[in-house]
Amino acid sequence: MAITEDTSHEELVRIGRQARAAADVLRTMTRGPKDAALLDIAKRLRDAKEHLQAVNREDLKASRAKGLSEHMLDRLELTDGRIETMCAGLEQVAMLEDPVGDIVKQTVRPNGLRISQVRQPVGVVGIIYESRPNVTADAAALCLKSGNAVILRGGSEAIHSNTAIADIFVQGAVAEGIPEHAIQILRTTDRAAVGEMLKQDQFIDVIIPRGGRSLIERIYDESTIPIIAHLDGVCHTYVHDAADLAMAESVCLNAKLQRPSVCNAMETMLVDAAIAEPFLKSIEPKFAKAACELRGCERTQRLIKCNEATDEDWVTEYNDKILSIKVVDTLDEAIEHINHFGSHHSDAIVTENYTAAERFLDQIDSAAVYVNASTYFTDGFEFGLGAEMGISTSKLHCRGPMALEGLTCLKWVVRGTGQIRT
C-alpha cells in the first residue's frame, strides 16, 4: 500500500477501532495459527530480501540528503545479516511457549473458592520508534505471538523500509487466518500522527516508545495512554583491581566498538586506580586505531592521551565512537558513580573476585547487570526471548528486554460452587 499523509482524527479512530476488533479475535486464538504465521512471514521476508534492500536504499539516500549522522545511518541499514537475524528471530519466537493462558498462581480458599491468576494479552499495543526497521518485525512478531493487536509508527527516515516489512507481515498473517488488522502501520511521515495516536486511549491499551529523549519527553507530555518507556542507555563497564586485564580489554572493546550506535553500548568505562596505568596504556592504542574519541577525568588524562571529560559526559548517551573514562579508588566509588550517573540500563564489572562480583550484582540498580561479559548482550534475541519490543528502563510492569511475558497482564479467575459473602 502507498504512503499516505492522512493524519486526521477520523483516520486514527478508524485504525484504532480495527485494532480493537482484531484484538478481540486474536486473544482467543491458539498458538497453532500464530506460530504458522510467524514461520510463513520469516520465509516471505527472506524471499523479499532484494525488495527490502531496494526500498531501504531509498530511505538511506533520503536520510543522507537530510544530513543524518553515520551512526543513525548504521541503525537504518538493512544488511543481509540483519535481515537474516530478523527472520531467525521470528522463527525463535514461534518456537517459544505461548504465555497466554499460563496459570501463574492458584489456591483454594477455606470457603472452597478456587482462585487463580492467568496470563492474558494486554489488548492493543501502540509502538512509536525511530530509525531501526528491524523493530517493525520484532514488535509485530511479539505482539502476534502474545495475542495482541499492534499499531506501529516508525520514524520518517525509515518509512519505506517499515511499510514494506509490515506489508509482508500482514500478507503472511492473513494467509494463516490471523485477522487482517492485527498488524497495522501508520503510513505517514507527518509528526501530527503521533499526537493523534497518543489520544486513542479508548482503543490503545499501552504505548511503548523507542527513541531519543526528545521523542520520549513528547510522548510523556501528550499521551493519555499508559506508557512503558525505553529510554537512555548510559551503560558502564567497571574494570576491578582483580580483573583479568586481557579479558577486560576484550570485553570493553566489544562493549564500545562492536556497534556504538545501539543503546547497550558502553558509554563510560570505570577503571580501578590499582590497575589503571597498565590497563589504560594497553587499551588506548586500540581505541585510537578504531578512531574512538576518549574523554577522561583528570587522573585519566595524566595516564593517556585523551580529551577532558565534563560533568555532562557522565550522563551522555553518545551512540557514537566516543567514550568517557574515570579512574576510581574502590568498588564502592564505582557503584556510587554508576547508580548516580547511569540510566539503569546495563552495567558490567570485570573481576576474578567473587565477593566483589556479587556485591556489584546486588547493589547496581539496573535492568541488566553483568560479570565478565559485554553489555552488548542486553538484547531479547541474545537472552533467548526471540526478539524484543525494546529494553525497558521502567520498573513497573516490565524491566529490561521486553518480550512475550511483558506483553501480557494477569486476570483473576475465580471458580465457585454457589458461595456467597456474608
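No hydrogens, no waters, no symmetry mates; every other heavy atom, side chains included, goes into these values.
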* Please tell me if the side chains of Val118 and Leu410 come closer than 4.5 Å, counting only heavy atoms from C-beta onward. => no
* Asked: Quick one: does Ser223's side chain have a donor or acceptor within less than 3.5 Å of a partner on Tyr220's backbone?
  -> no
* Which is it for Arg31 and Glu97 under the salt bridge (charged side-chain N to carboxylate O under 4.0 Å, His left out) test, yes or no, and what are the steps along the way? -> CA-CA 9 Å; Arg31 68 173 293 180; Glu97 290 298 318; 3.6 Å; yes
* Smallest separation among heavy atoms of Ile228 and Ser392, with atom names -> CG2-OG, 3.7 Å
* Name all residues meeting the side chain to side chain donor-acceptor pair (under 3.5 Å) criterion together with Ser343; count only those two or more places apart in sequence or in a different chain, and write none if there are none. => none
* With the threshold set at 4.0 Å, does a side-chain nitrogen-carboxylate oxygen contact exist between Arg259 and Asp74? -> yes
* Structure fact -> Across all chains, not counting sequence neighbours, the side chain to side chain contact (heavy atoms under 4.5 Å, CB included) partners of Val350 are Thr237, Ala243, Met247, Ala248, Val251, Asn372
* To do: Examine distances only and state if a side-chain atom of Asn148 and a backbone atom of Gly123 form a donor-acceptor pair shorter than 3.5 Å.
  => yes
Taking distance alone, no hydrogens or angles, what donor-acceptor pairs closer than 3.5 Å link side-chain atoms of residues 395-409 to residues at least two apart or in another chain?
unit_1, atom_1, unit_2, atom_2, d
Lys395, NZ, Asp365, OD1, 3.3
Lys395, NZ, Asp365, OD2, 2.9
His397, NE2, Gly406, O, 2.7
Arg399, NH2, Asp365, O, 3.3
Arg399, NH2, Asp365, OD1, 3.1
Glu405, OE1, Arg119, NH2, 3.4
Thr408, OG1, Arg119, NH1, 3.1
Thr408, OG1, Glu405, O, 2.7

* Can you tell if the side chain of Ile325 reaches within under 4.5 Å of the side chain of Leu280, non-hydrogen atoms only? -> yes
* Asked: For atom CZ of Phe341, is the number of surrounding heavy atoms from other residues, nucleotides or ligands below 6.0 Å larger than 12?
  -> yes
* Shortest non-hydrogen contact between Cys235 and Cys263, atoms and distance -> SG-O, 3.4 Å
* Shortest non-hydrogen contact between Leu198 and Glu222, atoms and distance -> CD1-CB, 3.8 Å
* **Arg14/Glu10 salt bridge by N-O under 4.0 Å criterion** => no
* Asked: Does the side chain of Phe169 come within less than 4.5 Å of Thr136's, by heavy atoms?
  -> no
* salt bridge (Lys or Arg N to Asp or Glu O under 4.0 Å) pairs, two or more places apart, involving residues 193-205 -> Arg20-Asp205
* To do: Dump the intermediate steps for side chain to side chain donor-acceptor pair (under 3.5 Å) on Tyr318 and Ser324, then the final yes or no.
  => CA-CA 10 Å; Tyr318 300 115; Ser324 299; 2.6 Å; yes
* Salt bridge present between Arg44 and Asp167 (N-O < 4.0 angstrom) -> no
* For the pair Lys256 and Glu267, find out whether any cationic side-chain nitrogen is under 4.0 Å from an anionic carboxylate oxygen. => yes
* Any salt bridge between Arg75 and Glu130, counting N to O under 4.0 Å? -> no
* After noting the C-alpha distance and the side-chain angles of Ser366 and Asp347, does the key distance pass the side chain to side chain donor-acceptor pair (under 3.5 Å) rule? -> CA-CA 7 Å; Ser366 296; Asp347 299 291; 2.6 Å; yes
* Do you know the tightest heavy-atom contact between Ile127 and Ala139? -> CD1-CB, 3.9 Å
* Asked: Taking the side chain as C-beta and beyond, is there a heavy-atom pair between Phe203 and Val124 under 4.5 Å?
  -> no
* Asked: Do Asn56 side-chain atoms and Leu76 backbone N/O form a donor-acceptor pair below 3.5 Å?
  -> yes
* Got a sec, which pairs hit salt bridge (Lys or Arg N to Asp or Glu O under 4.0 Å) with one end in residues 232-250, sequence neighbours left out? -> Arg213-Asp232, Glu249-Lys286
* Could you walk me through whether Asp98 and Lys34 pass the salt bridge (charged side-chain N to carboxylate O under 4.0 Å, His left out) check? -> CA-CA 9 Å; Asp98 188 341; Lys34 295 188 290 186; 2.7 Å; yes
* Please test Arg295 against Cys306 for side-chain contact (heavy atoms from CB on, under 4.5 Å), starting from the C-alpha separation and ending with a verdict. => CA-CA 5 Å; Arg295 301 178 184 178; Cys306 63; over 6 Å; no
* Crowded around Asp362 CG? As in, over 12 foreign heavy atoms under 6.0 Å? -> yes
* Asked: Between Ile322 and Cys292, is any pair of side-chain heavy atoms under 4.5 Å apart?
  -> no
* Lys/Arg-Asp/Glu bridge criterion (N-O < 4.0 Å) met for Glu91, Arg46 -> yes
Pair up each side-chain donor or acceptor in residues 173-185 with any protein partner under 3.5 Å, not counting sequence neighbours, and list the distances.
unit_1, atom_1, unit_2, atom_2, d
Gln184, OE1, Gln18, NE2, 2.7
Gln184, NE2, Ile15, O, 3.0
Gln184, NE2, His181, O, 3.4

* Asp332 bridged to Arg359 by N-O distance under 4.0 Å -> yes
* Can you find a heavy atom in the side chain of Ile204 that is under 4.5 Å from one in the side chain of Ile207? -> yes
* Asked: Taking Arg27 for the side chain and Ala22 for the main chain, is one N or O donor matched with an acceptor at less than 3.5 Å?
  -> no
* Donor-acceptor pair, side chain of Tyr370 and main chain of Thr378, under 3.5 angstrom -> yes
* Stepwise, does the side-chain contact (heavy atoms from CB on, under 4.5 Å) test hold for Ile168 with Leu52? -> CA-CA 10 Å; Ile168 292 170; Leu52 291 175; 4.0 Å; yes
* Pairing of Asp313 and Lys326 as salt bridge, 4.0 angstrom limit -> no
* **Salt-bridge present (Glu84, Arg82; N to O < 4.0 Å)** => no
